[in-house]
Amino acid sequence: MFGCLVAGRLLQTNLQQVDETHALFELPNASTINHVCVFLLGTVPFPDGYGATVHFHWPGKGFQLLGMLSNEKPSAIFRLRGTFTSSTTYGAFNVGQQMESSLPTDVTAILGLSVEPLDQIQMQIASLPSSIAKPNQDPSRDPTVLAEKIVKNLFNYLSGFTGGGAMSPEVAIPMGLVVKWYEGFMSKVRNSGIAFLEREE
C-alpha cells in the first residue's frame with residue numbers, strides 16, 4: 001500500500017506491518033538522509049474517511065509527527081535534516097527502542113505510518129507548529145527551503161494526475177499541466193505571498 005523513497009536510494013516497498021493500523025519502514029544509514037518521500041502505491045486506497053499520519057523515529061529521541069497521507073494527498077516529501085525535535089514516543093512503534101542497543105557506527109531510523117480517521121489526523125496536524133523548520137530556515141529568507149517547498153507543491157499537484165497517484169520516472173506529464181500549475185502558483189503568490197506553502201505541510 002505504501003512506498004518510501006530516500007533521495008539517492010532505491011525505492012523501498014519492504015513495509016513491515018506492526019498491527020492492522022500501523023506499519024513502518026526501516027531507514028538504514030539515517031545520518032545521510034536529508035529528505036524522504038512517502039506515497040501510496042496506488043494499488044489499495046484508504047477506506048472512506050481514513051488516512052495515515054507519518055512519523056519519524058530517531059533512536060533515543062522518540063517519534064515526531066511529520067505529516068499525513070490521504071486519498072486526496074497520496075504523496076508527501078519531508079525534510080529530515082535539521083528539523084527533528086524530540087517528542088513523546090508514539091507507543092505503537094516502540095519496536096524502534098529495541099534496535100537502539102545494537103546500533104553500529106551509523107543509525108537505523110524508522111518511518112512509521114498510522115492509519116486513522118481523517119478527523120483525528122486533522123487534529124494532530126493542527127497541533128504541529130506552522131513550520132517544523134528552525135526559525136533561521138524561514139522560506140522567505142532561505143532560498144533552499146523555499147525551492148524545496150515549491151518543488152513539493154509541484155510534485156503534489158502533478159501526482160494528482162497520474163491515475164493511481166504514485167509517480168515514477170516512467171510517467172509522462174503533459175507540459176500543459178506544468179503550465180497550468182505555474183499560472184495557478186504565480187496567482188497564489190501574487191494574491192497572498194508564500195504563506196500557502198506553509199499550510200501544505
Side-chain angles (χ1 to χ4, degrees), residues 1-7 11-27 30 33-100 107-134 148-149 152-153 155-157 159-160 164-167 196-201:
M1 180 173 187
F2 299 105
C4 173
L5 182 62
V6 173
L11 173 68
Q12 284 185 242
T13 55
N14 57 338
L15 188 70
Q16 298 177 34
Q17 199 75 31
V18 176
D19 59 34
E20 283 188 12
T21 58
H22 298 90
L24 60 87
F25 287 102
E26 290 185 1
L27 303 176
I33 299 174
N34 290 319
H35 298 83
V36 63
C37 177
V38 188
F39 50 88
L40 295 176
L41 294 175
T43 54
V44 180
F46 288 111
D48 286 343
Y50 281 80
T53 50
V54 181
H55 304 262
F56 181 69
H57 177 271
W58 186 267
K61 295 188 177 181
F63 275 91
Q64 174 179 322
L65 176 64
L66 296 177
M68 66 168 288
L69 296 176
S70 67
N71 290 332
E72 292 72 33
K73 183 185 177 189
S75 63
I77 300 171
F78 301 105
R79 178 185 170 105
L80 301 181
R81 172 95 20 129
T83 61
F84 188 88
T85 56
S86 183
S87 62
T88 56
T89 299
Y90 193 77
F93 301 114
N94 281 339
V95 292
Q97 304 291 334
Q98 302 161 3
M99 297 166 44
E100 291 176 32
V107 296
T108 297
I110 293 175
L111 192 74
L113 296 144
S114 175
V115 177
E116 303 172 32
L118 286 172
D119 55 348
Q120 291 179 18
I121 291 173
Q122 293 301 335
M123 289 185 339
Q124 293 178 59
I125 297 299
S127 70
L128 280 174
S130 61
S131 174
I132 296 176
K134 295 178 180 176
E148 176 188 336
K149 290 182 180 297
K152 183 176 178 180
N153 180 275
F155 181 87
N156 288 338
Y157 176 81
S159 67
M167 287 182 54
F196 70 96
L197 291 172
E198 292 296 322
R199 292 192 296 270
E200 292 178 354
E201 290 297 320

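Along the sequence shown, the residues carry numbers beginning at 1.
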Handout entry: Neighbour count >12 (heavy atoms, 6.0 Å) for atom CG, Asp48
Key = no
Exercise for the section: Check the pair Phe46, Leu40 against side-chain contact (heavy atoms from CB on, under 4.5 Å), reporting the backbone distance first and the verdict last. Expected result: CA-CA 9 Å; Phe46 288 111; Leu40 295 176; 3.6 Å; yes
Problem - Euclidean distance, Thr43 OG1 relative to Met1 CE, rounded to 0.5 Å - result: 8.0 Å
Handout entry: From Leu24 atom CG to Ser114 atom OG, the distance as rounded to the nearest 0.5 Å
Key = 11.5 Å
Fill in the blank from the handout: Value for CD1 (Ile125) from OG1 (Thr53), rounded to nearest 0.5 Å, stands at 7.5 Å
Handout entry: Gap between atom CD1 of Ile121 and atom CE of Met123 - 0.5 Å precision
Key = 10.5 Å
Handout entry: Side-chain H-bond candidate by donor/acceptor type, Gln12 with Glu26, under 3.5 Å
Key = no
Exercise for the section: Quick one: closest heavy-atom pair of Ala76 and Leu69, and the distance? Expected result: N-CD2, 3.8 Å
Problem - Minimum heavy-atom distance Trp58-Ala109, with the two atoms named - result: CE3-CB, 4.3 Å
Problem - Val54 side chain near Met68 side chain, heavy-atom distance below 4.5 Å - result: no
Problem - Closest approach of Phe25 to Phe2 (non-hydrogen atoms, all atoms of both residues) - result: CZ-O, 3.7 Å
Problem - Nearest heavy atoms of Leu27 and Val6, plus distance in Å - result: CD2-CG2, 4.1 Å
Handout entry: Euclidean distance, Gln17 CD relative to Leu113 CG, rounded to 0.5 Å
Key = 9.5 Å
Practice task
For residues Leu111 and Leu66, determine if any side-chain heavy atom of one lies less than 4.5 Å from a side-chain heavy atom of the other.
Solution key: yes
Exercise for the section: Mark yes or no for whether Asn71, through its side chain, and Pro45, through its backbone, hold a donor-acceptor pair below 3.5 Å. Expected result: no
Problem - Validation row: Lys73, Ser75 side chains within 4.5 angstrom (heavy atoms) - result: no
Exercise for the section: Taking atom OH of Tyr50 as the centre, report whether more than 12 heavy atoms of other residues, nucleotides or ligands fall under 6.0 Å from it. Expected result: no
Practice task
Any chance you could measure Cys37, atom SG, to Phe78, atom CZ, to the nearest 0.5 Å?
Solution key: 8.5 Å
Practice task
Decide side-chain contact (heavy atoms from CB on, under 4.5 Å) for Ile77 and Phe39; before the verdict, give the C-alpha distance in whole Å, the side-chain angles of both, and the deciding distance to 0.1 Å.
Solution key: CA-CA 9 Å; Ile77 300 171; Phe39 50 88; over 6 Å; no
Problem - Glu20, CD atom: more than 12 neighbouring heavy atoms under 6.0 Å - result: no
Problem - Glu116 versus Thr21, side-chain donor and acceptor atoms under 3.5 Å - result: no
Completion exercise
What one should report as the nearest heavy-atom pair of His55 and Leu65 is CE1-CD1, 3.7 Å
Fill in the blank from the handout: Smallest heavy-atom separation, Leu118 atom then Ser70 atom, equals CD2-CB, 4.1 Å
Practice task
Please work out whether the ring planes of His57 and Phe63 are parallel, tilted or perpendicular, with thresholds of 30° and 60°.
Solution key: tilted
